[in-house]
Structure formats: C-alpha cells, structure tokens
Protein chains: 4
Amino acid sequence: MPNKAAPDASRRSETARRAILAAALDLVAEVGYAKLSIEGIAHAAGVGKQTIYRWWPSKGSLLFDAFLTLAGEGEATALPDTGDLAADMKMVLRATVDELNDPRFDQPMRALHTEIVHDPVLAADYVKRLDEPMRELKKQRLRAAQRVGQLIEDVDLDVAVDMLFGPVLNRWLQHTGPLTHDYVDHVVDTALRGLGPR
Amino acid sequence: MPNKAAPDASRRSETARRAILAAALDLVAEVGYAKLSIEGIAHAAGVGKQTIYRWWPSKGSLLFDAFLTLAGEGEATALPDTGDLAADMKMVLRATVDELNDPRFDQPMRALHTEIVHDPVLAADYVKRLDEPMRELKKQRLRAAQRVGQLIEDVDLDVAVDMLFGPVLNRWLQHTGPLTHDYVDHVVDTALRGLGPR
Amino acid sequence: MPNKAAPDASRRSETARRAILAAALDLVAEVGYAKLSIEGIAHAAGVGKQTIYRWWPSKGSLLFDAFLTLAGEGEATALPDTGDLAADMKMVLRATVDELNDPRFDQPMRALHTEIVHDPVLAADYVKRLDEPMRELKKQRLRAAQRVGQLIEDVDLDVAVDMLFGPVLNRWLQHTGPLTHDYVDHVVDTALRGLGPR
Amino acid sequence: MPNKAAPDASRRSETARRAILAAALDLVAEVGYAKLSIEGIAHAAGVGKQTIYRWWPSKGSLLFDAFLTLAGEGEATALPDTGDLAADMKMVLRATVDELNDPRFDQPMRALHTEIVHDPVLAADYVKRLDEPMRELKKQRLRAAQRVGQLIEDVDLDVAVDMLFGPVLNRWLQHTGPLTHDYVDHVVDTALRGLGPR
DNA sequence: AGATAAGCGAGACGGTACGTCTAGTCTTCTC
DNA sequence: GAGAAGACTAGACGTACCGTCTCGCTTATCT
C-alpha cells in the first residue's frame, strides 16, 4: 500500500515530457554534468520544477530517459554480419568510438555513467534496458561466428563481449588514451588471436 | 609575475593535511560521494574551509590525494612472478576484486573515478601518478612472460593490459555483474587463449 | 460583453459551499492563519480547488463568508436594555471578550482582520455587512439611553461606540494586555464618566 | 544550553543589516505586505537569503526592526505640554493620523500589525519596545494634567490612553471610516467630557 | 628579542540550487 | 454546466554548500 499517491500517468503532458528530455540533453552538452541543475532544465524546458520532480525520482533517472531518446531505445536489431567476424567487430567498435568522440553524445553519456557508478538502482535499470539488449545482439553475432568456426566453442560469451568492448569504454571514461580506430582494431585482433602463443 | 600569491608550502601544517585526507576518506565512505561536501570535510577534520581551498584546487584533487594515502603511492614494486603467467594474473586480479569489494575502498574509488570522468586535468594526473606506474608493473610482468614464451611476441602490451584489467574495472563501475574470483579466472583464461580457434 | 463567463449561481452546489466554509473554519482554528491554504481547504472539504476559485475572489472573502456562518449573519436584533446603560454595555462587552477568548472564534477573527487590514474592498464589505449593522444596534441602545437621560444629547454616537468597543478590540488584536471583565468594566465606567473633572 | 550555535554578532555586517532593513521598507511600501518575500528583500538588498535567516527568526521580526528604523526607536522623550490637555492631545493625535495617512508609514505599519496579530512572541516584543515606552509618555502627560486639575484623580491611566488612542488605531486598521483631524478632535473632546450627563 | 607575516580555525558573506509547498489556471471525466 | 480531481507553470519557502573574505590567534622566520 503506497503511502504517497502516485501521479496519474494518463494525464501526463507529453509536451512537457519531451521538452524536459530535450532540455536535459541540450543543457548537459552545453554546460556539462557538474553544472547541470534541475532548476536549469526546468527553466530551459519552460516547465515548472514540480513537473520534473513529479515524474522522475532522481536526476540520474531523468538523464537515463533523456539518453534513451538520444540512443533510440532498442533501435538496432542486429549487428552486421558480413561473414568476417573481425571486420564486423571492428566496424561496430569504430562506430562506437566515433559516437563517443561526438560531443553531442559524449557529455550525456558521461553524465549517465556518473550516475550509474553511484546509484545501483539506476544501474540495474541501465543494465536491463540498455546493456542487456545490446549485449544480446553482440552475443548473437558471436554465436553466428561460432557456427561458422570463427570463434571457439567453449568460451563464455559474456566474457568475450567484455573483452571486446570493455577496454574501449574504459579508455573513454578514464581518459587513459586516445580513442582511435587503430586502437579498436588492435583490441579486436588481440582479443580474437589471444595473448598466449600459437 | 604571479597575480595570486602561492601559499608557502614550507609552512604547511602536516597535522591539518593528514586530518583533511583522513576526514575525506571517512566521510566519503560514510555518506557517499553525492553527499560529500568540502564543508563537511572541514568540519570533520576540525579545520577551516580555507585550509582546504588553499591547498587543493578541486574536490577531485583532494579525493585523489586522499586515495593515494589509501592506496599507498607506488608501494608495490613488482607483480608476483611464479613462472606461471595465468596463475600470477589471476592472483593479482583476485586481489583487485577483493579490494573493489571492500567497502573501505569502494566508495573512495568510485568518487575518484567520477571526478576523473569529468575532469581531464585530474585524469591526466591520475594517469601519470597511478595508472602509468601500475601499468608499467603489469607490462614488466608481461614482458617477463614473453621471455619465457608464455606470451606472444608481437602484441601491444597496452592492449594486453587493457584486455586483462579493463573488463573487471568495467563490471565494477557499471554494476553489470558480480565481481567474483570465477569471473577474473575466466577473463584471464580467455584473454590468454584468445577468442579465435586454434 | 463580459470576457469571462460568470458562473451560473442557480447551479451552485449548496453542499460544496457549506463544506468549504466549514473546512475553512476548522482549518484556520487548527493550523492558524499563516498555514491556511486554499489547497488545504479544498482537500479538507473534499472539493476541487476550482470550486473555490469559481465562487470566491480571494481568500479573504472566503474567510469573511466563513466567519458569517460562525457569527450568524444579522442574528441579533437588539442589544439588551434593562434601563441601566452602564450595566448593559458591560454585559455586551463581557460577552464580546468571552467570544474573543474562545479559541473557536479567536483564530477565524484574527484571520479575517488580517485580510481586512490589507484589502480595502473586503474592508468595505466587512463594514457594510458586519460592522454597520452591529454599530446600528449599539447606536440604538445609546439613543435609548439618551431618551432616559443616561447619555448626553450632543455626542457623536459613532465616536461613542468607538470609545466603548475600540479599546477592547485593540487590546485583543495587539496583545497589549489581558482581556478581562474587569478591563471592560473600567472602559465602560471611564467612557461614561469622562476623563475630565466633574 | 543552546542546541543551535548562535551566530557571532560581533562579526555581523552593518552594511548588510542596513541594506536589508531599507530594502524591507522599500519593498513593503512598493508591493504591499501580501507580495513581500524574503527572497525579494534579499535580492533588493543585494544580500544572500541566509544573511536574513541568520539574523532574524521571522519575517515579522525583520519588519519590526525595519519599522524601528523608520520610527526612530525611543526618539521622543515627552509629549507636548502647553498646559491645555485637550489641545495637546489633539495635536498628538493629529500628528498620528497624518503619519497613518502617509503612504511611507502606512504599509510598513500594516505589515507589522498583521504579524503582531498572529505572533504573540513578536507582540510581546512590540509591547515592550514600542507600545510601553510610548504609553509611558502618554501617561506622563496625563499625570501632569491630573496635577493641574484637568484630569480626574481616580482614573486608570491605561484605560484613559486606550480610550484616546484606541479608536484612531482601530479606524485605521479596519478602514471603518476616514482618519481626519475632525475625528480625532471629536474623540478627544468626547473622552475628556465623558458620555454620561454632567 | 621584537617585528612581521604566514598558516590556521572559525564563520559571515553573496550566491546557486535543492526539494517542497502553494498559488491560480487548465483539462479531463463524471454526474 | 457544475463539480472532483489533479497536472500544469510559476515562484517563494527555508536549508545546504559553494568559494571568497575577514577576524583573531598561533607559529616561524627575519631582521
């Protein structure tokens, strides 16, 4: 039994919702995460603060929703499959770093990741609605590679995905090095060939 | 001609410095990054706010210094070398996840990483004073493995390090899965063997 | 041509009207004037806010109506006349202070007076619908006294009423002293006898 | 033992204090009591809100202080004494109504009285710092009148003061009639002569 | 040794933003 | 068409911190 009356979603203003999400993206890109304020978003969206507090429990969840409109929730249905696993993975990862290098995506993604680092609830949501679906697509491509003998059979596909995509995300988050196409090519080649001899 | 008089470091109070760093660690562990305030740290350390602002340019750099006292700057001089690369890497990574799972380390590290994500200057400092030295140790161990034929010759060692350590850091930051010894074992085995057949 | 359609009073819900007035009185007595809100009244009355805004132009006018239901508009038809002016005035004033000391009346009256102080329109309404009728009754009693030689002929009856009732109201409003029967007796005696010698 | 550290008054900024009081007076005169906000005062005074909240417990006490700067705390030392009580009281009361009719005084005084009506603590302060001293001056003048036989001996001087000044304040607060010199003359004459015959 | 000056604890200052509350308007649905 | 319900824009509330500043006090260095 909820002790606080939930707002009636059927009456929600779609106009306001969209204005808020757009304003959040614009503002985070403009002023950066540190200076992003609910008050600023409300003002930029031409909306009362309460309208934000009514529908989002935290700045993180708002950023998450905003990010989803940017990413297009569940837009991709499959990774490219030209028959050459290495080439396909390089293509995907190159597109990823291009996105990460795009200022329009960079700031919102950093903001979202910051929230995820500190908010396990939000992180769970992120895993379920963004990470899992994307991970599934990646695993599907890897399974297809297994079928044509381009990937060993007895590998943990989650670990495989982590090894292919983790290093790039880390380098971006931690500014430990430049995000280039060369780097991702190296990562794909190394991951596929393995570090050990033979 | 500097327009702002630099503080005279020779007169700096070591007592205050230590109290501030300790209070920062205690507080971030206690209340979390989001509720961590300079004012709170100053109060907990029994110190005036100005003493913090005088010596640290940002909350991030303070957290960095605090973290260094926790990690023990440049304490380790070499990674273990029993002759078995896989076993050694598993040992190191298991120790790493144990640390990441330790509440005393978890919050300060998350706080530091948050700052790094948004502050390239701090990130550069982090890379130079923490990431680079640790990375060098790891590369030394990998070079030793190359000498005894446990690691292929023509591999980019930076990429190798990223593939071994990146997935763990990632999983921790994004809460994408549990950080277990099993997981790191999988990662090491897979990285060494490679994803491709043969 | 009115630009705002006037509500059709014939369709007005008497139930809602009464619930609102009752809720206003209850709430002002319970939480005090400062924390009295239209929203709170609407909620307590089980009524939509619009129903209040439709029928009352201001919080003051609502309080005024509520107060009228408490006072019983134009209920008294004459002041007591035992033939002894002083005794009759003391009786009336004692009843007045008893009312002012009654918590049920105290808060609503203070609220109403606050609104009157700042709203000349409401004040005019108050004068016409509450002050004037009461004042007329008082003047009637004074005129009767004049007829039997208990009050001088050439006195401004409005001034006389002000001198008898004003001090009590003031003392109550300003908390300048306790409102006792003794005090009103003093006022009546002094007013009738005059301050000057003889 | 106070549970909340009291601010250190010795460090108080006199500039800020004066700016706040002046801004409060200006604003209440300009926009009226109903639209007077702490935020507005702070802004007009070029001051942070906290500086107001630090030094005044309520809007009422701020208005009180502001009013004191307007009235000049304890400025008058004695009422005029020409030997003619009636003439002197008329002079004083005429000055009073002139003040009440002055827009510069009207709004702040109404604001202050509103707060007093609802805040007994503030009312006590008002009585002590403004009402009592003024009342004492009035009573001194009345005592002087008693000495020269212009006022009866056995009268409660507080009641006498209430009868002379109460009606004017009342008429002003409640808008029950115009505040004219004629009116105060009537009041003084009637009070001194008394309502009863002879 | 006394003067000088810096760091220090303390905390007031002008501000920004927080998250909550209410005003008054508007919209939707029911009776 | 009035009414219950409640979302909407707007903005004040009182609180928490920001980063700067000023105040005495304590040290350390320099005449």
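What you see below is based on every heavy atom in this structure, not just the backbone, and it leaves out hydrogens, waters and symmetry mates. To find a chain, count down the sequence lines: A is the first, B the second, and so on, and within it residues start at 1. Bear in mind that the values here come from a model prediction, so they are computed numbers and not experimental data.
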A.B. asks: Restricting to side chain to side chain donor-acceptor pair (under 3.5 Å), what partner residues turn up for D/Lys59, sequence neighbours left out?
C.D. replies: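 Here no residue qualifies.
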A.B. asks: Rounding to an integer number of Å, can you tell me how far C/Tyr53 OH sits from F/dA4 P?
C.D. replies: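 The distance from OH of C/Tyr53 to P of F/dA4 comes to 15 Å, rounded to the nearest Å.
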A.B. asks: Can you tell me which residue pairs pass the side chain to side chain donor-acceptor pair (under 3.5 Å) test with a partner in residues 34-45 of chain B, sequence neighbours excluded?
C.D. replies: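 Non-adjacent pairs meeting side chain to side chain donor-acceptor pair (under 3.5 Å): B/Glu39-B/Lys49.
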A.B. asks: Grab the CD1-P distance between A/Ile52 and E/dT20 for me, whole Å please.
C.D. replies: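 My rounded result for the distance is 13 Å.
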A.B. asks: Need to verify one output field. Residue with the more 5' nearest nucleotide on DNA chain F, B/Ser37 or D/Ser37?
C.D. replies: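 Nearest-nucleotide comparison on DNA chain F picks D/Ser37.
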A.B. asks: Just the rounded figure in Å: distance from C1' of F/dG19 to NZ of A/Lys35.
C.D. replies: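 Checked: the NZ to C1' distance equals 12 Å.
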A.B. asks: Fit a plane to each ring of C/His118 and D/Tyr33, take the angle between them on a 0 to 90° scale, and name the class: parallel (under 30°), tilted (30 to 60°) or perpendicular (over 60°).
C.D. replies: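 Rings of C/His118 and D/Tyr33: parallel, as their planes differ by under 30°.
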A.B. asks: For C/Ile41 and E/dT22, what is the distance between atoms CD1 and P respectively, to the nearest whole Å?
C.D. replies: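 C/Ile41 atom CD1 is separated from E/dT22 atom P by 11 Å.
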A.B. asks: Between E/dA23 atom P and C/Leu62 atom CG, what is the distance in whole Å?
C.D. replies: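 It is 11 Å, rounded to the nearest whole Å.
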A.B. asks: Tell me, please, which residues at least two apart from C/His175 pass ring-ring contact (aromatic ring centres under 6.0 Å, His included).
C.D. replies: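 C/His175: no ring-ring contact (aromatic ring centres under 6.0 Å, His included) contacts found.
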A.B. asks: Taking salt bridge (charged side-chain N to carboxylate O under 4.0 Å, His left out) as the cut-off, I'd like each qualifying pair that reaches into residues 10-20 of chain B, sequence neighbours left out, listed once.
C.D. replies: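 Sorted pair list: B/Glu14-B/Arg17, B/Glu14-B/Arg18.
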A.B. asks: Output all residues satisfying salt bridge (charged side-chain N to carboxylate O under 4.0 Å, His left out) with C/Asp106, sequence neighbours left out; order by chain, then residue number.
C.D. replies: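 Counting only residues at least two positions away or on another chain, C/Asp106 forms a salt bridge (charged side-chain N to carboxylate O under 4.0 Å, His left out) with C/Arg110.
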A.B. asks: Base contacts versus sugar-phosphate-only contacts with protein, heavy atoms under 4.0 Å: please encode nucleotides 6-13 of chain E as B, S and - from 5' to 3'.
C.D. replies: BSBBBBBB
